[in-house]
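All residue numbers refer to positions in the sequence shown, counting from 1.
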Amino acid sequence: MHPATEHIHLAICPDHKALSRTVAREIVGYAQARAEAGKLAVLGLCTGSTPIDVYGELIALHRGGVSFENIVTFNLDEYYPMSRQSTQSYHRYMQEYLFDHVNIPEDQVYIPLGDLAPEEIEDHCAWYEERIRSVGGIGIQLLGIGRTGHIGFNEPGSLPNTRTRLIRLDESTRKDAASDFFGEDNVPIEAVTMGVGTILDAERIILMATGEHKAPIIRQAVEGEVSPLVAASYLQNHPNTTVFIDPPASSELTRVKRPWLNNHAVEWSDQLSQRAVLWLCEQAEKPVLHLQRRDYNAYDLYSLVDTVQTVDELNRKTFDAVRAKIYGREDFFTNKRCVCFSPHPDDDVISMGGTLYRLSGAGNDITIAYMTSGNIAVFDEDVKRLIDFIGLTFRDLGCAHAKFDGIVDTVSSFIETKLPGQVDIPEVQIIKTNIRRSEAIAAASTLNIPPEKTRFLDLPFYKTGQVKKHPIGDEDVRIVLDILNDVRPEVVFVAGDLSDPHGTHRICKEVIDRALAVYDRTDPEVWLYRGAWQEWEVDEADVFIPLSYEDLQRKIQAIFRHESQKDTAMFPGAYDDREFWERVQDRNTHTARRLDKLGFPQYYAMEAFVLERGGA
């Protein structure tokens, strides 16, 4: 039985791998049933990061003996204009992730064309619709969801009767795609997409979403009103749709975040009780210890009050639990060996720079392990500036170097003719890597962590020169394990982002988890910090590290050392034009203000952590 707030059938899978297995098995079951009936199985396919694992499961099943010969596929969309051979083309994506590895006949594969002349597009779209009708319509349609709620490229404003057509892309959609194209300016402004009506004609629709960045739009699509502003909300009117999500993508659903609003019996755990009390404080605009029974009654929290003898007991219990999370200077550990794993060369200072400064000041032995080079996030202009600087320095010091001059010519020639998204030549990759490394060393030094305590792991999974990465390999795990064996840390700090399963932060955490699983020494404490965009909620966090004004300013100075990422970063993240230092300043001070309003000691700023292993 699903909550009344949800208007689409929704399945929360344990993780993205379980989600992928479930969806893949349903597809195969459908295809086999159609084959036994002597009929074609018609699939509507989508692209993006979420379906990659689904396609991987299908490939594994095919290698295990499952035939896909009776399958016909229709892809949702394609950028326009877009060459079929382009790195960003969905034709290339589908070949790479599925079609090259299974036995779907080539003449049963249909993908909208992005390389037609403008005058040919309308006829092509009509032909695409006719081809779908000719095979009896789509049996199972796979969908992802954009942050604006688009399905396919049906942007806000799309109507439920629309058909395959050329559409102009929303600015937010183009920002989301910017990393694939190495800059928003390189993202096409249009796309060919199946219409909402085409999608709704499918017998069965499966929408998939993973990661906390999809949680707000999932809640809006599933619980909100049907509206052209959120195309995915039209799925509420489809009789056979299921939304498959992982726990992070479910985090904004009423049944997960505020189940007491569903008017069903609630099993009150300590964390859920704490969440409800803190929510009530914000609704009633009162600190924890000022809440009265009438406040609980006014917001229908009768069942929570029934778990205790008095409201004062509930208030005090909540206050004491949150107060214990705040580590004052007297609570902070000293003289411990610590390793901070930083996925990119700036995540350490952006996410926990204040804590690193506090740790170094408390006499702890800190090693920062930068897991990837971050070289794809360096602008070509920074490379040109650096080689100009080196050239001028060589000249003025009278130490001209012919080999360096040759490298300058090679690099300059490449950059002048480089295409958007083209993989850098090795010389450029090395220069960009060293730009990031030198910035990381300077940033760590700002926090009183010496250069010899910085390690650059350069994990192999990242070394593709492009946004798409290799799968995790044994060498990735071995490198991390070597650091653990060398440092023998008592405390390990790890990026705990719960976003895209194919994102670098998530991959880095998986590598660390695998290494810790075979690490044969005493288990260290594992503290999870968040990335540049979000902070742990008060009820989620296990530790708050207070920061003074001076602590926060030192953290900002460390962020400033990452000059290649300042002002305009290569991948700043969509929907937020603030620089990284502005984001963290607002985030850290907001956390402190929020706790202040709840009635806790006043601090200037705070960083939050979740203890995954050990700790208080």
Exercise for the section: In sequence, state the C-alpha distance, the side-chain angles, and the governing distance for Phe333 and Trp527, and then conclude on ring pair (Phe, Tyr, Trp, His ring centres under 6.0 Å). Expected result: CA-CA 13 Å; Phe333 53 78; Trp527 293 37; 5.8 Å; yes
Practice task
Evaluate salt bridge (charged side-chain N to carboxylate O under 4.0 Å, His left out) for Lys509 paired with Glu612, printing each intermediate quantity in order.
Solution key: CA-CA 12 Å; Lys509 185 178 186 301; Glu612 189 172 58; 3.0 Å; yes
Practice task
For the pair Gln141 and Ile206, evaluate side-chain contact (heavy atoms from CB on, under 4.5 Å) and give the outcome as yes or no after the intermediate values.
Solution key: CA-CA 6 Å; Gln141 176 67 61; Ile206 294 173; over 6 Å; no
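In plain terms, the two heavy atoms of Ala276 and Trp260 that are nearest each other are CA-CH2, 3.5 Å. Considering every non-hydrogen atom in both Leu447 and Val349, the closest pair reads CD1-CG1, 3.7 Å. What you find for Thr334 and Asn364 is that their closest heavy atoms are C-OD1, 3.2 Å. Listed here is the closest heavy atom pair of Cys340 and Met352: SG-SD, 3.8 Å. The two residues Leu19 and Cys13 make their nearest non-hydrogen contact at CA-SG, 3.6 Å.
Residue Glu537 forms a salt bridge (Lys or Arg N to Asp or Glu O under 4.0 Å) with just one option from Arg530, Arg594, Arg275, and that option is Arg594.
For Asp346 and Arg436, the salt-bridge test passes: some basic side-chain N is under 4.0 Å from an acidic carboxylate O.
To the nearest 0.5 Å, atom CG of residue Leu528 and atom CG of residue Leu611 are 8.0 Å apart. Expressed to the nearest 0.5 Å, how far CE of Met371 lies from CZ of Phe341 amounts to 6.0 Å. With rounding to the nearest 0.5 Å, the separation of CZ in Arg21 from NE2 in His16 is 9.5 Å. Taking SG of Cys508 as the start and CZ of Arg506 as the end, the distance is 12.5 Å to the nearest 0.5 Å. For the atom pair Thr446 OG1 and Arg554 CZ, the distance stands at 7.0 Å (nearest 0.5 Å). Note: Asp176 CG to Arg147 CZ = 4.5 Å, rounded to the nearest 0.5 Å.
In this structure, the side chains of Ile326 and Met606 come closer than 4.5 Å at one or more pairs of heavy atoms.
One N or O on the side chain of Glu582 and one on the backbone of Glu579 form a donor-acceptor pair closer than 3.5 Å. The closest donor-acceptor contact from the side chain of His562 to the backbone of Ala443 lies at 3.5 Å or more, if one exists at all. In this structure a side-chain-to-backbone donor-acceptor pair under 3.5 Å is present from Gln236 to Ala221. Looking at Thr589, its side chain does come within 3.5 Å of a backbone N or O of Asp586 through a donor-acceptor pair. Proximity of a side-chain donor or acceptor of Arg174 to a complementary backbone N or O of Glu184 within less than 3.5 Å is detected.
Every residue two or more places apart in sequence or in another chain was checked for a ring pair (Phe, Tyr, Trp, His ring centres under 6.0 Å) with Phe244, and none qualifies. Scanning for side chain to side chain contact (heavy atoms under 4.5 Å, CB included) contacts around Asp15 gives Lys17, Ala18, with sequence neighbours left out. Judged as a ring pair (Phe, Tyr, Trp, His ring centres under 6.0 Å), and not counting sequence neighbours, the contacts of Phe319 are Phe600.
Both tests do not hold together for Lys555 against Tyr357: distance to the six-membered ring centre under 6.0 Å, angle to the ring axis within 45°.
Counting only residues at least two apart or in different chains, salt bridge (Lys or Arg N to Asp or Glu O under 4.0 Å) contacts with residues 350-367 comprise Asp365-Lys453. Judged as a salt bridge (Lys or Arg N to Asp or Glu O under 4.0 Å), the pairs with a partner in residues 291-304 (not counting sequence neighbours) are, in order, Lys286-Asp295.
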Sequence neighbours excluded and cut-off under 3.5 Å, please list the side-chain donor-acceptor pairs for residues 304-313, or say none.
{"unit_1": "Thr307", "atom_1": "OG1", "unit_2": "Leu304", "atom_2": "O", "d": "2.6"}
{"unit_1": "Thr310", "atom_1": "OG1", "unit_2": "Glu313", "atom_2": "N", "d": "3.1"}
{"unit_1": "Glu313", "atom_1": "OE1", "unit_2": "Gln309", "atom_2": "N", "d": "3.4"}

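Ring centroids of Phe609 and Tyr529 are separated by 6.0 Å or more, keeping the two rings apart.
Sparse packing is recorded around CD of Glu550, with 12 or fewer heavy atoms of other residues, nucleotides or ligands lying under 6.0 Å away. The number of heavy atoms from other shown groups lying within 6.0 Å of OH (Tyr549) does not exceed 12.
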